[in-house]
Amino acid sequence: MRSEGVLRSYLPFAVLAAVLVVFPFVASTNLVNIGVFALIYGLAAIGLSLLMGLAGQVSLGHAAFFAVGAYTNAILITRYQVHGVLAAGAAVVVSMLIALLVGIPLLRLRGHFLALATLGLGIIVSVVVRELDVTGGTSGIFGIPKPEINGRVYDTPQEFFWLMTPVVVIGLLLARNLVRSRTGRALSAVNDSEVAAECLGVNTFALRLRVFILSAGYAGLAGVFYAYWLAVVSPEASGFQLSVKMLLMVVLGGLGTVWGAITGSIMVQGLDEGMRVLIPQLIPGATGEVQLVGFGVVLVLVIILLPGGLAQLAAMVTARLRGRQVERPAAGRSSPLESDGAPAAGGQGGHGEDGEPGSPYLGDVLDSAQIPERGSLVLSVRELTKRYGGVTAVREVNLDVYAGEILALIGPNGAGKTTCFNMISGVLAPTDGTIEVRGRRVEGRRPHVVAALGATRTFQNLQVFGSSTVLGNVAVARHLRSRSGVVRGMLSLARREERDIERIARAAVAAMGLADDADRLVKDLPFGRQRKVEVARALALSPMLLLLDEPMAGLSGPERDGLAALLRRTREAGVAVVLVEHDVDAVMALADRVAVMDEGRLIALGAPSVVRQDPAVIAAYLGTDDEADALLRQAAKEVY
Amino acid sequence: MSDLLQLVFSGLAQGAVYGLIALGFVAIFAVREIVNLAQGEYAALAGLSAISAVTAGVPLLPAVVLVVPMVVMVAVLIERLCIAPIRKMTPLLSIILTLGISTALKAIMLLIWGPQARGLPAFPGRDIVLAGVSIRSQELWILGISAVVGAAVVWAYEHTLLGKAMRACAEQPVAARLVGISPRMATMIAFGVAGFVGAVAGLVGSPIYFSSWDYGLGLGLKGFVAATLGGLVSLRVALFGGLLLGVLENLVAGYIDTGYRDAVAFLVLLLVLLVRPQGLVLKASAARV
Amino acid sequence: MAVLALSGCAESVSPADKGGGGSTEGPIKIGAVLDITGAGASLGVPERQTLEMLAKQVNAAGGINGRQITLLIEDNQSTEDGAARAASKLLQTEKVSILLGASRTGPSLAMRPIAEQAKIPMISLAANEKIVHGSKWVFKSAQNDKVVIENIVDDMAAKGYHNIAIARDASGFGEGIPEMFTDVGKAAKINVVSVEKFAPDATLFTAQMVNVRKAKPDAVVIWGIPPAASLAQVAYRQLGIKAPVYQSHGIGNQVFLDTAGASANGLLASLGRMLVADQLPANDPQNKVVTQFIKDYKAAYGQSPSTFAGHAYDGFTIAVNALKQAGTDPNKLRDAIEGVSNWPGISGVFTMTPEDHSGLTKDALVMVTVDNGKWKLVPAAG
């Protein structure tokens, strides 16, 4: 059963390999020549596709890494007579090293700025190779001999095509494996909601950097083949035109699918050659890079009409053939182009059925080894303050939380509860004050640092990973409890770990009573269940401190009872639970202690019965909601 | 000394052209968060069209006056056809889309005008030598026209009701609507303004820097760097950023190596982005929870 | 099954692989890779026109020993990688018998190893001596830059210039030029006091010319091709530099005169005789061939040919003559080209030897100046 699935997952690669091996026999030499370029650029496009589709980062200067690979290879071979395989390896390593060096500062940028910084990088590289003597100035490096392996020289288009075939198929396979691995799952989550992924322990920056480096490696390897095939490397190899071409390949093929990269590169190279022949026939006297008109028009049309690229088209055609209607491309995946990490919208209203989360699963989910002794201090907040310009959203809050208790944080709208959560979980940096999680100072650190200490959270505005299933959402939470990195992911060596992840994720899903929905897309679920998915996801991290932001909102009465019961059992296991909640009655019944905030201050803290009587609390609740709202709005304006 | 002054002066003229392009970036970005990579193509299009008109016998002044509204119309038309249909514009999407537009425009110009670079005839006037600095009359035209156009755009955006409403579109669409400006309308006007400053830049610069099908992208990127100096929202800083960049490039070319002229802008870009990214990326950060 | 397919089809793929067009019947394929677009367009376009015109002439006259010519022209877009790609395509896919091009040095250097690997003769139309240096298979039809420099240095020496500044093309055409001036000018005590570079597609020259002015040279050399060479000339005059300007053989076309305008007046350039054909003495050995070429070219395209068109004429005619003599066997063809002796072409009188694959000496060059948009022959100095 299992091996059958594995077999099937490798079948497309076997088919591709067979097609590529046969192609040079049946195609004309001219066509094979075009094919060689399609494979070379395709290899680079696979890397770029990982970077754009998986890591959500655009690179408008990817030809820079292509050129670094090509030049390194050319220099080592022509100047130092280094063995071909060694030179190729060195070229890939140098490309990746440069990606590491520039990636550390660049990947801290976002959106437009990252895109244009990579573009700037590409231009700087082409200026540098034009100026340096070692790269041969504007003329570049000539006379790179065709590769020779075991006495066989790969000097015809056919031979070279066959030389590249295994490299491209394996490159594609490794990329596909990576997408399906722990790393791929985490990055896909980041694309849906960066903040949620971070709060589940995903170190976004580190993962993106790794994929950036990896994509540079693919580009560098493509550059090696380019240098061999052309026998020349000149500054055009780093040109902006080439970066645009690679971008077009990825976008046309469909972002987020590695298959799209290879399909896209074949299409674009075909388009390139076709336009070169066609346009001068249509428009007499047209000379130069007239194929660009095709590139530009196709790029614009794809973005406007088919943002999911050919992958979307394929999904639509398949669905039509099967007589089903499809509203979303590729098995419900939204195009990463459209995703900006904004919260998924959900329908309002709760569902009344099966409100009884199953208890036997909870033990599997919570890892007792990670949970500190009952009653020990897990969270200590001192003088926590957040100011936005002149507005103080949170003022000098002091709070201790102990293992094995449920603490409720209540207060009117705009009192600063969520802001507190944001600071504790690392989403916001406090203006002042300290936060210690299990004795470690974490204020101002990224959320994944806090998560690594065993503290995670849910969100008031849902932050589910919209493009994946319920189980897929929950599996992301096992990120910190599993190890396999980029290399093991690419080689698909983490089978056992993946089975463990699935087992525990299923247990967490079952614990929240979502077993029947496990394989449904999370965004197809009603609002209340999406909220439960978030709780299941937080539990699956095996946290020792659980921060729940309005977990009961949108749940029906029975569902609320079920959740309360689950939280009690979680407490019995020694986990500390802090929840923000509006339903005061539910809170009073559930919590061991209650903290009340108003206008950014902590105005009361104690047992429910004591807090209920506190005059300050009563005044806060009866009083000035409007003012608080105004404050919040003011604060929000400052942020944006 | 006169060498330094010479380099600075000719840098200022080039920088004024960058500044105008930078204004185009800000004009759009302040209204709708799109970095329009086709900005430089407006300049190339204006230059080439005017050259054709002049070659066909139209006197310089009417040619220039005719070309500007034509480029504005092209800019607006492109916005209607390619930008407006996108419902949810993300940074990635807008970059790829405008890159596609830029590439298509470039290729169309190549098909129409061929690969050769050409220049408009210089505007009337005599070259002068002042304190050892030789000044072309065209350079004075560039500085003068850029100053007038730049001041007009800054004034329109900062002091007229329409301008204020347009800027408000990015942050408070509701407030903007109250003044009678829909975000759709504002985006359209912004592209028109970008087309206008781009066309002016292309026309005044053409006699010295020439116009060709492929020169828009490089020019656009320099303009973008200048705009980045002002965080992509300040029109004034963008204008001065352009001047600064032009001078800096000329100094590097004169005192270090001409080959590195084109790298200067991007080194500046990387430095600016890396030294104060928080100031520039605040809006895109994950603080929206 | 798979093995069968492999061996079955391998035959259809491999036989002609290394052959390179040695067949003895059917049309003869001549390939050309030219800088038709990009920075070298002002060279490549007239070269293409010349080749098309000549191929038509040869075919109309019955072809080469009864075989028609198929001329295949590829645009390298003035890039080295474009040239390599085009050369590979012509040699591997089209199996041309001989390769012409490229228009400029850089792309020609990129093509050289590809032609050598394929063992097919190639005739470059560009200047730099590196293109042919030590090569068995590669020839060229433009004057070596070294002989141009010898010509210019002679003139400088006669006029007593010692300190010179050079503004050179940053691409292959200008590479190594200052070193060569130092080398050739040693005897005449010529020092290179300042070297500036410009990209072939540059439009801004203030920075370079400011530095040239600062060096206070006796004379200035601008070494480039139009439009960059003409824009440099304009910027030079703009800054009011008084020292005389020498330009290279890269400016021999109307584009230069058009873009440089009045700034070109009074410059000195070392060029082939074609531009001043009307001023040549009647007994000049090149007179007949040059006059005929100018007449044909004007009839076909309505304008005077540039020196680059002349390079294309020489390259093509040498190739056709060799094909007539030796057929399409690559080795025999190569030997025939190497055997060219005392053959009057457009750029000079060619004599190839195994050591000299360019075939021209400084006798092929004359000093030319510009006077109100017209080329004028300058009598030899001294």
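Order of the sequence lines sets the chain letters (A, B, ...), proteins ahead of strands, with each chain counted from 1.
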J.: Give, as side chain, backbone, both or neither, the part of B/Asp214 having an atom under 4.5 angstrom from any heavy atom of chain C.
T.: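 Answer is neither: B/Asp214 stays 4.5 Å or more from chain C.
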J.: Could you tell me which portion of B/Ala117 (side chain, backbone, both or neither) has an atom closer than 4.5 angstrom to a non-hydrogen atom of chain C?
T.: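 For B/Ala117, neither part sits under 4.5 Å from chain C.
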J.: Between B/Ser206 and B/Leu203, is there a donor-acceptor pair closer than 3.5 Å when you use the side chain of the first and the backbone of the second?
T.: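 Answer holds: no.
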J.: Which bit of B/Arg118 is near chain C, if near means a heavy-atom gap under 4.5 Å: side chain, backbone, both or neither?
T.: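 It is neither, since no heavy atom gets under 4.5 Å.
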J.: Given side-chain contact (heavy atoms from CB on, under 4.5 Å), test C/Tyr236 with C/Leu267 step by step and report yes or no.
T.: CA-CA 11 Å; C/Tyr236 177 86; C/Leu267 64 75; over 6 Å; no
J.: Shorter than 4.5 Å, heavy atoms on both sides: which option in C/Thr259, C/Leu231, C/Asp201 has the most such pairs with chain B?
T.: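 Option with the top pair count is C/Leu231.
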J.: Show your working on side-chain hydrogen bond (donor to acceptor under 3.5 Å, both in side chains) between B/Asn250 and B/Arg261 and close with a plain yes or no.
T.: CA-CA 7 Å; B/Asn250 239 13; B/Arg261 173 197 290 275; 3.3 Å; yes
J.: Does the side chain of C/Asn128 come under 3.5 Å of the side chain of C/Arg104 through a donor N or O and an acceptor N or O?
T.: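 Side chains of C/Asn128 and C/Arg104: no pair found under 3.5 Å.
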J.: May I ask you to decide if B/Ala22's main-chain N or O and B/Gln39's side chain share a donor-acceptor pair within less than 3.5 Å?
T.: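 It does not hold such a pair.
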J.: B/Glu249 versus chain C, heavy atoms under 4.5 Å apart: side chain, backbone, both or neither?
T.: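 When you check distances to chain C, no heavy atom of B/Glu249 falls under 4.5 Å.
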J.: Taking B/Gly254, B/Gly259, B/Gly119 one by one, which has the highest count of heavy-atom pairs under 4.5 Å against chain C?
T.: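 Looking at each option in turn, the highest pair count goes to B/Gly254.
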